[in-house]
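Contents: one structure, followed by commentary.
Whatever order the structure lists them in is the order used to number ligands and atoms, beginning at 1. Side chains are part of it too, since the values below use all heavy atoms of this structure and drop only hydrogens, waters and symmetry mates.
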Amino acid sequence: MKKMTRLHFGPSGIPHSTEERTTGNGIKRVAAMGLDAMELAFVQTVYLKSADAPAVKQLADSSDVILTAHGQYFINLNAKEPEKLAASRQRILTAARRCHEAGAYSMTFHPAFYLGDASDVVQERVTAEMKKIMAELKDEGNEVWVRPETTGKATQFGDLKELVKLSTQVEGVLPCIDFSHLHARNGGGNNSTEEFRATLTHVEQQLGRMALDNMHIHVSGIAYGPKGEKHHLNLVESDMQYQDLVKVWKEFNLKGCIISESPNQEDDAKLLQELWKKK
Ligand SMILES: [Zn+2]
């Protein structure tokens with residue numbers, strides 16, 4: 001799988017400040033801002049065509065920008081209907097294949113809904129589905145990390161422990177840690193230095209230093225209620241303790257990438273990067 005040498009920062013999608021909104025221009029804009037990562041937003045559809053992927057890869061490489069992707073929202077590895085399950089697997093495979101063609105580092109997605117099932121039941125189903133997916137990708141020589149993301153609502157499978165456990169059981173899988181989702185999911189917890197440390201300590205103890213050296217992290221401000229996530233906010237408009245969060249990233253000397261999912265995308269990516277670079 002792909003290995004990182006430092007911590008990269010970038011927006012979740014083509015920066016808003018890109019004049020003509022193409023993937024290539026987005027990469028150029030990211031580089032011009034001094035950022036060095038960009039997430040391809042495949043959330044509605046895997047919009048990048050195979051034919052266009054090699055040029056994107058070349059441009060990202062020459063600009064020293066790493067690419068990640070966010071897979072489609074319409075995925076549920078706990079779907080009851082076989083055709084929905086097959087379609088979910090296919091959506092993950094399609095995104096991962098396009099990532100490979102575009103030279104991307106990592107691809108994330110929201111794995112499943114509980115649909116009233118117990119956590120361990122869903123855990124088993126998702127693990128079985130991920131094993132099938134990863135076996136196919138391995139056969140194809142695909143080295144993109146495939147990452148279920150920590151989710152923001154109690155109805156969605158994907159708390160930290162579930163995803164770390166899944167990662168211990170399926171090769172090529174690591175969690176995408178969305179610190180804002182963890183905060184919203186638990187109704188306002190997971191927002192202190194101690195809790196940020198506990199999250200990363202759990203990852204290191206279960207998955208090893210390798211996981212901390214190859215992170216894929218999402219951050220934004222977030223509005224939440226008793227049911228969890230409502231919507232994303234810019235960091236300064238939210239209660240997210242992002243300065244403490246960056247301090248903890250420094251303590252753990254993280255490598256990989258930080259993707260800003262704030263409405264202002266590239267601005268919060270820059271804010272976090274500046275805090276990271278400050279001694
Ligand atoms: Zn996220």
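- A donor-acceptor pair under 3.5 Å links the side-chain atoms of R91 to the main chain of F74, judged by distance alone.
- Between the side chains of E266 and S17, at least one donor-acceptor pair of N or O atoms lies under 3.5 Å.
- When distances from the Zn ion (ligand 1) to the N, O or S atoms of E149 are compared, OE2 comes out shortest.
- Taking a cutoff of 4.0 Å between a charged side-chain nitrogen and a carboxylate oxygen, E101 and R98 qualify as a salt bridge.
- The closest approach of H218 to the Zn ion (ligand 1), by N/O/S atoms, is made by ND1.
- The name of the N, O or S atom in E261 nearest to the Zn ion (ligand 1) is OE1.
- Note that CD of E162 and OG1 of T151 are 7.5 Å apart. Values are rounded to the nearest 0.5 Å.
- Checked against the Zn ion (ligand 1), the N, O or S atom of D178 at the shortest distance is OD2.
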